[in-house]
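Note sheet for the following structure.
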Amino acid sequence: MSRIIISVKELHKQYGDFEAVKGISFDVMEGEIFGLLGPNGAGKSTTLEIIETLRQKSGGKVLVDGFDLDKSPNEIKKIIGVQLQTSGFYPSLNLVELITLFAGLYNEEVDPLLLLDKVNLRDKAKAKFKEMSGGQKQRFSIATTLINHPKIIFLDEPTTGLDPQARRNLWDLIRDIRSKGTTVIITTHYMDEAEVLCDRVAIIDSGKIIALNSPDKLIDELVATGFERPKEVKRANLEDVFIQLTGHALREA
Ligand code: ADP
Ligand code: MG
């Protein structure tokens with residue numbers, strides 16, 4: 001039985017009069033890939049950023065690896081990896097320069113090329129950030145979350161806007177990171193992605209958790225209510241066609 005690495009209890013977030021997060025509770029187990037799903041504005045990023053110590057909560061209790069967010073935010077910062085907005089990367093620095101810059105901020109000794117190996121970007125070591133494809137930028141930003149050897153990484157919509165090949169490549173990378181023992185919390189709008197990638201998901205709507213379970217169990221629960229798809233399900237979908245025709249290989253000219 002794995003242990004709880006993040007515990008969120010009755011979390012509230014108020015932006016002025018507007019309550020964006022309305023008392024949500026969930027636990028994340030060590031070593032799992034945990035998904036936060038929900039429509040735009042549901043409160044996913046707010047929730048993540050509170051746990052990441054980047055936003056103040058209005059109420060509730062958060063423990064990260066036993067550290068209380070109210071008492072020990074600096075201890076929490078040391079053990080988490082946060083994906084920065086890619087707009088925050090200096091566009092004219094190359095990848096090695098950017099890693100060196102971030103490592104300095106974290107006060108960590110890092111071999112930039114070894115880190116780039118982890119995300120399959122060694123051959124781009126001297127490329128400028130602005131010269132990379134969308135998928136490469138995302139892979140690089142995931143690499144930066146690993147600089148401080150975190151126990152937990154937070155990925156907020158890492159695959160939004162990527163083509164199917166780049167999306168699959170990122171799934172492999174995320175699984176690889178998890179297989180080395182890192183806990184992953186991810187938000188996504190893509191249900192196929194959550195289904196194949198996440199061990200458990202919480203579905204958030206208007207600041208409340210309306211379901212929390214493994215994708216498999218959530219689907220079984222729906223089927224048990226007598227739900228049937230309106231149309232007969234084909235054995236493949238258009239994305240299967242696309243991948244079959246264009247291959248799994250990454251296109252990153
Ligand atoms: P999600 O990531 O699920 O799309 P967010 O957590 O970004 O949702 O936002 C939740 C709600 O809170 C949205 O209605 C959003 O407009 C609002 N919100 C987010 N940040 C702020 C802010 N700094 N000030 C006021 N309202 C905000
Ligand atoms: Mg968001």
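Ligands are counted one by one from 1 in listed order, and the atoms in each one are counted from 1 as well. Please read all numbers here as calculations on a predicted model, not as lab measurements.
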Using a strict cut-off of less than 4.0 Å between a Lys/Arg side-chain nitrogen and an Asp/Glu carboxylate oxygen, indicate whether Glu19 and Lys22 qualify as a salt bridge. no
Ala42: numbered ligand 1 atoms lying under 4.0 Å from its heavy atoms: 1 (P), 3 (O), 8 (O)
Check if Gly43 has a non-hydrogen atom at a distance under 4.0 Å from any atom of ligand 1. yes
I need the nearest protein heavy-atom contact for atom 19 (C) of ligand 1: residue, atom name and distance, please. Tyr15 CE1, 3.5 Å
The test is salt bridge (charged side-chain N to carboxylate O under 4.0 Å, His left out); show your working for Arg178 and Asp199 and say whether it passes. CA-CA 11 Å; Arg178 185 272 287 280; Asp199 299 303; 2.7 Å; yes
Strictly under 2.8 Å, is the Mg ion (ligand 2) approached by any N, O or S atom of Thr187? no
Which protein non-hydrogen atom lies closest to atom 4 (O) of ligand 1, naming both residue and atom, and how far is it? Gly41 N, 2.7 Å
Would you please indicate yes or no on a ring centroid separation below 6.0 angstrom for Phe89 and Phe102? yes
List the closest protein heavy-atom neighbour of atom 7 (O) of ligand 1: residue, atom name, distance to the nearest 0.1 Å. Ser45 CB, 3.8 Å
Option whose closest heavy atom lies nearest to atom 9 (O) of ligand 1, chosen from Thr47, Thr46, Leu36: Thr46
Below 4.0 angstrom, N of the basic side chain to O of the carboxylate: do Asp65 and Lys151 qualify? yes
With heavy atoms of Asn40 as the reference, note each atom of ligand 1 found under 4.0 Å away. 4 (O)
Salt bridge Arg168-Asp172, side-chain N to carboxylate O under 4.0 Å: no
Under a 4.0 angstrom heavy-atom cut-off, which atoms of ligand 1 come close to Ala20? 11 (C), 12 (O)
Protein non-hydrogen atoms only, distance under 4.0 Å: does atom 16 (O) of ligand 1 have such a neighbour? no
Between Asp70 and Lys57, does at least one N-O distance fall below 4.0 Å, as a salt bridge requires? yes
Could you tell me whether atom 11 (C) of ligand 1 has a protein heavy atom closer than 4.0 Å? yes
Answer yes when Arg167 and Glu239 have at least one side-chain N-carboxylate O distance shorter than 4.0 Å, and no when they do not. yes
Can you tell which of Thr187, Ile24, Val62 makes a side chain to side chain contact (heavy atoms under 4.5 Å, CB included) with Thr47? Ile24
Presence of salt bridge, Lys61 and Glu10, under 4.0 angstrom: no
Using a heavy-atom cut-off of under 4.0 Å, does the side chain or the backbone of Arg55 touch ligand 1, or both, or neither? side chain
Numbered atoms of ligand 1 (with element) below 4.0 Å of Phe18, judged on heavy atoms: 11 (C), 12 (O), 14 (O), 17 (C)
